[in-house]
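Input: a single structure, listed below in structure tokens.
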Amino acid sequence: MTEPHQPPATPGGPPQNTGPHNAAPDSPPAAGTENAGHNEAGAKSTQVSTLFSSFDFKSLIPGALVGAVSYMAVLITALLFLILALIGVAVSNGGNTEIPSNSMVSGDSTMPSPWSLLGQFAVQLVVMSQLGALGSSIDATIPFVGSVHGSASFFAVPLLLTAISVAVLFFAARFAAKRSAAQSTAGFWIEAATAGLVFTLLVNIIGAIFAVSLPIPNVKISPIGAVTFGSVAFALILGTLAAYLGRVSGTPRFSVRSGLRAAIGRAFETVAVHYGVFFAIAIPVLVIAIGIKSGWQASLSSPLWAPTAGFFMFGLGHLSAVSRTWNSGSSMSSSSNSSGSDISFGFGNALTQFGVPGWAGWLMLLLALISVVVASVFWYLRRGPVVSNKIADWIMLPAAFLVVGTLMTWLSGVTGTFDAGSLASGAFSMTLAWWTPFFLLLWGGATEVSARYLAPQLSRYVPLPLAYKIAPAQPVVAEQVATAAVDDPNGTAAAGAYPALSPREPMTAQAKRKLGLILGAAGLVVVLIVGGFIAVDVIKGNNGPDKAVASYLQALQNGEASKAMAIADPGVANDQRVLLSDEVYSKAAKRIDRFDIVSTNISNDKANVVADMYQDGRKQQTTYSLRKSNPEFLDDHWVMESAPPRNLRISSDTPVKTVLINGQPVDVNLADNRSVTYPALPGEYTVELPSSEKYLTAPKLTAMVNIGTVSTSPVASLEVEASETLKSEAMAQIDAYLAECVKSTEARPANCPLNSYSSSRYTKNFRWALTTKPTFVVSKGYGTSPWRVRTETPGKATVTYEKDNSYGFGTSDWKTTTDTTSVSLSANISVEDGKVKLSFNSY
């Protein structure tokens with residue numbers, strides 16, 4: 001790669017370097033002889049050989065201080081981040097941040113307050129920022145389960161804390177360099193390595209000592225810590241490199257960087273500009289949006305998660321995707337096993353599962369394009385005009401994008417695993433798709449193309465002071481400067497190849513109007529294109545699968561059964577929809593209190609929408625399946641698959657024909673010990689007998705149809721009793737019946753509960769009288785008779801008659817006699833054609 005000469009100073013430009021450019025601070029002055037290079041090499045060789053013999057170990061103190069001060073600064077920052085996050089949690093939960101206890105494993109003990117563990121968690125957060133993985137193991141004895149041995153780990157890098165550790169190490173080393181004597185390159189490395197060693201020792205030793213301990217009775221939990229071999233190695237390497245770069249930047253240098261190393265550095269600077277432009281807009285917008293949606297307190301924890309979310313947004317905006325995998329289960333319950341994976345792109349309805357509107361994907365793409373243009377202008381200015389089409393010139397920037405993209409894909413991953421043996425196990429991961437670095441390689445190529453063909457034109461509008469700060473100082477020879485000054489005193493020849501640094505004349509009014517029209521037209525086109533995409537996305541989003549599910553659940557919440565069935569056919573025959581009417585369901589109590597759409601996953605013409613429903617203090621998560629039906633440009637016509645409702649069973653211990661359900665009559669035609677089952681939507685139903693059943697009575701019942709997939713159906717069992725009206729009519733018929741019986745003049749009236757045991761040959765003129773009425777009780781019948789009346793307390797009857805005391809021997813001797821007899825009876829009661837009918841038993 002050919003580096004162009006720096007143009008002479010122009011108005012607004014910086015002065016040129018006039019000192020020697022390749023002299024190191026510790027090298028002797030150039031002798032101007034042909035043996036200078038040889039003598040310098042020999043001096044360096046001698047210096048290396050005597051380095052350790054003459055090394056002053058006191059010079060390690062600055063490096064050690066850099067490592068220690070950097071660790072303390074990062075630890076304090078982590079502590080502040082956690083305090084902000086806990087304040088946000090406390091505000092969201094009404095001031096409560098306590099960890100709920102679990103009596104299954106902790107008995108009567110309570111979990112320690114997060115505030116009491118704040119320092120320990122801050123220490124572990126610093127370790128996690130150096131790629132440590134939080135982990136622990138457990139040994140416990142759980143009632144009804146037995147001994148459980150398990151382990152768990154969680155990996156997520158608090159990237160902002162990682163960046164702060166790099167910055168603190170860099171600037172601390174730079175500060176130390178400006179206040180210490182200049183050293184050789186080897187000395188720089190030794191001092192930087194000391195800083196890195198001290199930094200990693202503090203990070204990991206303190207992390208191991210202050211692992212989080214949870215004292216829970218009957219449970220042995222190993223201290224929760226994040227120290228791993230990776231955290232030890234990463235903190236050492238990161239600390240060494242950051243301290244070295246800070247040490248070098250803080251040392252006065254006269255030479256100007258050139259060659260391959262300088263080109264690589266500028267390529268990575270360009271990548272940093274590209275990421276910086278994207279993040280500078282995307283992350284604040286994300287944090288503000290979360291604050292608006294979930295409350296300002298949710299934004300307090302953003303330093304912990306916003307950079308990772310920014311990386312995910314960066315990937316989605318650059319046409320990559322977010323990959324998720326999960327699996328969980330237990331050998332004890334196969335029904336609880338779950339596993340799967342999905343890929344979510346940044347367009348359409350895929351973002352809605354993360355609570356982000358679909359049109360935001362187009363804005364992220366626009367932001368990616370803006371970042372490309374800005375980075376290409378920076379690359380053009382930083383590198384200078386390209387005068388060669390060598391392959392190395394083309395691949396330098398894409399290669400830098402590839403390297404940084406690989407690092408981003410790795411650092412942005414979030415993974416977690418747990419294993420409790422046969423009790424339960426699972427794993428979860430959320431990362432950028434594996435092809436993300438290769439897509440970024442292509443974006444790097446696009447930036448290179450823009451730098452060659454678009455940036456030369458756009459760079460003219462970069463302010464000259466800024467352009468001179470970006471453009472690198474180039475090594476020149478004194479003779480070349482003198483020649484250039486004679487041939488071109490204004491420097492316009494050299495600057496001609498570098499339009500951004502050319503002297504500028506004020507634009508004419510016509511040129512300004514022309515530029516305004518061009519920029520306005522371009523802006524209008526961009527606005528129309530992006531606005532069109534957003535409009536289409538918004539319109540389609542308003543008709544997305546989540547909207548169909550939300551409409552369905554809202555109908556259930558409002559008691560609009562007909563609307564709910566129009567959205568999701570219950571798959572029930574018409575004669576079974578007696579409870580699926582607005583008249584019945586609108587009067588159901590304890591319907592769905594509220595609902596939340598958790599996620600939406602779209603795959604081709606299918607979609608799965610996960611929703612949380614709340615009912616009477618209960619929460620249930622349900623997945624709904626949908627499909628496209630005759631999709632159009634602005635509406636995919638998402639249709640919910642059949643959503644079978646739960647069932648409500650109604651039974652009665654007495655035959656009844658009609659019951660009232662939520663006040664609406666329903667013909668059930670129930671006989672003894674029979675029941676009917678009807679599909680029902682979530683809610684509380686009242687079941688009672690109608691007022692037309694004047695001879696029957698039963699307590700009003702309530703039956704709760706819960707949300708979820710409970711296997712058993714709720715039952716409303718009517719316990720029917722005879723009404724007072726039925727009892728009164730039965731007693732009236734018994735009174736009439738006995739009245740007829742006492743009119744009899746027979747000793748044994750037919751079909752009556754009256755009986756005289758005197759011989760009819762020697763008796764006559766019987767006259768009955770009911771002296772004491774019996775009392776009766778009505779109870780459940782059996783067989784075909786629903787009710788039965790029986791004597792509770794027998795009555796008494798007297799019979800007066802004439803008796804022949806001669807018994808047929810001689811002259812008749814008729815005398816009046818009175819006897820007393822007990823009166824008892826029983827009868828079956830039925831209701832026929834709306835009338836009470838008694839069937840008296842034979843005696």
Please step through side chain to side chain donor-acceptor pair (under 3.5 Å) for the pair Ser429 and Thr325, ending with a clear verdict.
CA-CA 5 Å; Ser429 69; Thr325 61; 2.5 Å; yes
Can you sort out the partners of [X] under side-chain contact (heavy atoms from CB on, under 4.5 Å), two or more places apart, ordered by chain and number?
X      : answer
Phe439 : Leu319, Trp435
Ala282 : Phe278, Met313, Leu367
Val403 : Phe268

Distance-only, no hydrogens or angles: does the [X] side chain make a donor-acceptor pair with backbone N or O of [Y] under 3.5 Å?
X      : Y      : value
Thr240 : Leu236 : yes
Thr436 : Leu432 : no
Ser70  : Val66  : yes
Ser129 : Pro158 : no
Ser376 : Val373 : yes
Ser231 : Thr228 : yes
Thr200 : Gly196 : no

Under a 4.0 Å threshold between the charged nitrogen and the carboxylate oxygen, would Arg383 count as salt-bridged to Glu448?
yes
Between Phe314 and Tyr275, what is the ring plane arrangement, given parallel below 30°, perpendicular above 60°, and tilted in between?
parallel
To the closest 0.5 Å, what do you measure between OH (Tyr71) and CG (Leu201)?
11.5 Å
Distance (rounded to the nearest 0.5 Å) between Thr270 OG1 and Arg382 CZ:
8.5 Å
Can you name the closest pair of heavy atoms from Leu316 and Ala321 and give their distance?
CD2-CA, 3.8 Å
Of all heavy-atom pairs between Leu402 and Pro437, which one has the smallest distance, and what is that distance?
CD1-O, 3.5 Å
Walk me through it: do Met430 and Ser323 pass the test side-chain contact (heavy atoms from CB on, under 4.5 Å)?
CA-CA 6 Å; Met430 183 173 179; Ser323 172; over 6 Å; no
Evaluate the criterion side-chain contact (heavy atoms from CB on, under 4.5 Å) for residue pair Val374 and Val273; output intermediate values, then yes/no.
CA-CA 8 Å; Val374 174; Val273 169; 4.2 Å; yes
Going by heavy atoms in the side chains, are Phe154 and Val414 under 4.5 Å from each other?
yes
Note, Thr77 side chain near Val126 side chain (heavy atom, < 4.5 Å)
no
Trp189 six-ring face occupied by Arg247 cation (under 6.0 Å, within 45°):
no
Are Trp443 and Phe401 near enough that their ring centres are under 6.0 Å apart?
no
